[in-house]
Amino acid sequence: NDALIAADTFSADGIGGNIKIEVGKLIANNGGQISTGSGEQFQEGNFGRGGDLVVTAFDSIELDGNGVGNTYRTGFFAETSSRNRAGDLTVNTNKLIVQNGAGISSGASGSGSLGGDGGNLVINATESIDLIGTNSNYRSALVTQANGWGNAGDMKITTSRLNVTDEAVISTLVTSGENTTNQFTI
């Protein structure tokens, strides 16, 4: 439970590290998370830009949010809580399944965001995307967001078949300030 691969920056001396993963098949569940980030909610400071996250699974990716007592949300995340921009998040696969409250998100996260913009989210799933269901805390989701004072990034989804069911959601979300959402393309 709660396995984490992360590259975060808490320093002004440069950008956060990039993460690039290439596998045949990727399965994450029970709080398994891969993330990049800049800053920490409610912490003042001049943190560097968040790193980029690129996940390529030649066969399939399955993100399943089932599990009890997980600390982390299952999924892929590129976020900023600082004044600097989040990294971009790119997912490449044949089949993508996001279910039971798992998520893929790029954004200016949380009420503690200090004005940095969210990164772009690009999802390329040659055959299909299945976005299914919820858990007790989250809807399964593909999201670009700005929850503080920054702007949401662009979202581009390319697939042959898209299935969104059982309260799952695809959204660009802005919750405060004079933020803007950018392009949303399917």
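What you see is a predicted model, and the numbers here were worked out from it, not measured in a lab. Residue numbers run from 1 in the order of the sequence given. All values below come from the heavy atoms of this structure, side chains included, with hydrogens, waters and symmetry mates left out.
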Worksheet item: What heavy-atom pair brings A86 and G119 nearest, and what distance separates the two atoms?
Response: CB-N, 3.5 Å
Worksheet item: Roughly how far, to the nearest 0.5 Å, is OG1 of T90 from CD1 of I104?
Response: 11.0 Å
Worksheet item: Taking it one step at a time, do E127 and S160 satisfy side chain to side chain contact (heavy atoms under 4.5 Å, CB included)?
Response: CA-CA 5 Å; E127 185 176 320; S160 295; 5.7 Å; no
Item to complete: Determine, step by step, whether N163 and D130 satisfy the side-chain hydrogen bond (donor to acceptor under 3.5 Å, both in side chains) criterion, reporting the C-alpha distance in whole Å, the side-chain angles of both residues, the deciding distance to 0.1 Å, and the verdict.
Response: CA-CA 5 Å; N163 178 38; D130 291 297; 3.1 Å; yes
Worksheet item: Does N92 reach the main-chain N or O of N124 with its side chain, forming a donor-acceptor pair under 3.5 Å?
Response: no
Discussion item. Quick check on the hydrophobic clustering: are L89 and I5 connected, directly or via other members, by side-chain heavy-atom contacts under 4.5 Å?
Written reply: yes
Discussion item. For a 4.5 angstrom cut-off between non-hydrogen side-chain atoms, does L26 reach T56?
Written reply: no
Fill in: ILVMFWY cluster, I21 and I27 together (side-chain gap under 4.5 Å)
no
Practice prompt. Compare all side-chain heavy atoms of S60 with those of K25 and state whether any distance is below 4.5 angstrom.
Written response: yes
Discussion item. If you compare all heavy atoms of S106 against all heavy atoms of G87, which two are closest, and at what distance to 0.1 Å?
Written reply: OG-O, 3.6 Å
Fill in: R139 CZ to I132 CD1 distance, which is reported to the nearest 0.5 Å
15.5 Å
Practice prompt. Hey, could you give me the CD1/CD distance between I97 and E62, rounded to the nearest 0.5 Å?
Written response: 5.0 Å
Discussion item. Can a donor-acceptor pair be found, under 3.5 Å and without considering hydrogens, that links the side chain of Q33 to the backbone of R73?
Written reply: yes
Discussion item. Could you see if V55 belongs to whatever hydrophobic cluster contains F58? Use Ile, Leu, Val, Met, Phe, Trp, Tyr and a side-chain cutoff under 4.5 Å.
Written reply: no
Item to complete: Supply the atom-to-atom distance T134 OG1 to E167 CD, rounded to the nearest 0.5 angstrom.
Response: 5.5 Å
Worksheet item: Does the side chain of L4 come within less than 4.5 Å of Y72's, by heavy atoms?
Response: yes
Worksheet item: Can you find a pair of side-chain heavy atoms, one from V91 and one from F76, that are under 4.5 Å apart?
Response: yes
Worksheet item: Does F77 reach the side chain of T36, with side-chain heavy atoms less than 4.5 Å apart?
Response: no
Worksheet entry | D88 side-chain N/O to N120 backbone N/O, donor-acceptor pair under 3.5 Å | yes
Worksheet item: Is the side chain of T126 donor-acceptor paired with the backbone N or O of N94 at a distance under 3.5 Å, no angle test?
Response: no
Item to complete: Verify the cluster assignment for I123 and V143: are they in a single hydrophobic cluster under the rule of side-chain heavy atoms below 4.5 Å apart?
Response: no
Fill in: Under 3.5 Å donor-acceptor, T93 side chain and A57 backbone
yes
Discussion item. Against L96, only a single residue in L131, I129, L162 fulfils side-chain contact (heavy atoms from CB on, under 4.5 Å); can you say which?
Written reply: I129
Fill in: Transitive ILVMFWY side-chain link I170 to L63, under 4.5 Å
yes
Fill in: Salt-bridge contact K20-D52 (side-chain N to carboxylate O under 4.0 Å)
no
Practice prompt. List the steps, then state whether side chain to side chain contact (heavy atoms under 4.5 Å, CB included) holds for E79 with S105.
Written response: CA-CA 8 Å; E79 299 184 343; S105 175; 4.0 Å; yes
Discussion item. Side chains of I34 and I19, heavy atoms from C-beta outward: is any pair under 4.5 Å?
Written reply: yes
Discussion item. Taking the side chain as everything from C-beta on, heavy atoms only, tell me whether L121 gets closer than 4.5 Å to D154.
Written reply: no
Practice prompt. Please tell me if the side chains of L142 and I157 come closer than 4.5 Å, counting only heavy atoms from C-beta onward.
Written response: yes
Practice prompt. For S140 and G133, indicate whether the former's side chain and the latter's backbone hold a donor-acceptor pair under 3.5 Å.
Written response: yes
Worksheet entry | Donor-acceptor pair between N100 and N135 side chains, under 3.5 angstrom | no
